Participant: 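So that we are looking at the same thing, I have put the structure below in structure tokens.
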Amino acid sequence: MTSTSRRRLLLAGATVLLSGCSGSGIPPLTEVRVPGTCRTPDSLVEFSTLGGATLGYEVGRTSTSYKADPRFVELLEAWAEDWSPMSGLGAMTTIWSYGAYVDKCDSFHASGRAFDIAEVEHEGGSISCRYDVWGPGSAVQNRDYWRLAASLHLHFGYTLTHLYDEAHHNHIHVDNAVSGWGTPTFSPRSRVQVQLVQAACRDVFGADVEISGSYDEQTQSALRTIQASLGITRPLGDADGWREFLRLTASAT
Ligand SMILES: [Zn+2]
């Protein structure tokens, strides 16, 4: 096997998603799976709020606390602080989740560096990630779903939506496996980022874009028009250009 093909194989393995969490009545938790990799969290803290919003477990809808790496909780808090004013829906009141830290191999949940969002309730409305419940959804449901996803992409390079696979039809998964502790940047080779761009063009800005998952000409053409109308002069490949596009997507109402 050549080193190139081996690398491709490793990359393919690293991006395969499988359901994992077992237990009666508890739905499977989706995770980034690197075969044979068991992770141990550096440290864990318990948190029961984010951005002042109460946390709850989507299954059974009960208030709960979660555990995560303290630095990952800081990333989540930074997202929450960012998102509330952009949402146009007022302060967040409750975030329904499927979990953060889970003691299971092969997942960034096992590092306490992942979080699954099912719904975000605000004082002035709610945004559901339960595509399994509302899909294919109204124009507003889809717009708000992708606005929320864009806000998460600002902070987490690996944000998985319902376009990724069926396991993500009931939540958006975020982890910092790709972006680490820094600020995410755009890669045209990132399927999840390209899917966000395409869905934003289609469902937030109303462009006729096919969700192909690849950064193709029809996507770039629609994007150029949208960027021009928004007054964005920097390309997505520029760190500030990526953030500007995401911020204007997240705050588009
Ligand atoms: Zn997850």
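Quantities reported herein were computed from a predicted structural model and do not represent experimental measurements. Residue indices begin at 1 and follow the sequence shown. As the structure lists them, so they are numbered: ligands from 1, and atoms in each ligand from 1.
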Participant: I'd like to know if the side chain of Tyr145 and the backbone of Asp203 have a donor-acceptor N/O pair within less than 3.5 Å.
Facilitator: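 Absent.
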
Participant: In chain order, what residues pass the ring pair (Phe, Tyr, Trp, His ring centres under 6.0 Å) check against Phe205, with sequence neighbours excluded?
Facilitator: none

Participant: Just wondering, is there an N, O or S atom on His173 that's nearer than 2.8 Å to the Zn ion (ligand 1)?
Facilitator: yes

Participant: Could you tell me the angle subtended at the Zn ion (ligand 1) by OD1 of Asp116 and NE2 of His109, rounded to 10°?
Facilitator: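 Once rounded, the angle between the two atoms at the Zn ion (ligand 1) is 110°.
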
Participant: Using 2.8 Å as the threshold, say whether any N, O or S atom from Asp175 sits that close to the Zn ion (ligand 1).
Facilitator: no

Participant: For Phe72, check ring pair (Phe, Tyr, Trp, His ring centres under 6.0 Å) against everything at least two apart and list the hits.
Facilitator: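 Counting only residues at least two positions away or on another chain, Phe72 forms a ring pair (Phe, Tyr, Trp, His ring centres under 6.0 Å) with Phe156.
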
Participant: Describe, in one word, how the ring planes of Phe47 and Phe115 are oriented to each other, choosing from parallel (under 30°), tilted (30 to 60°) and perpendicular (over 60°).
Facilitator: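 If you compare the ring of Phe47 with that of Phe115, the planes turn out tilted.
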
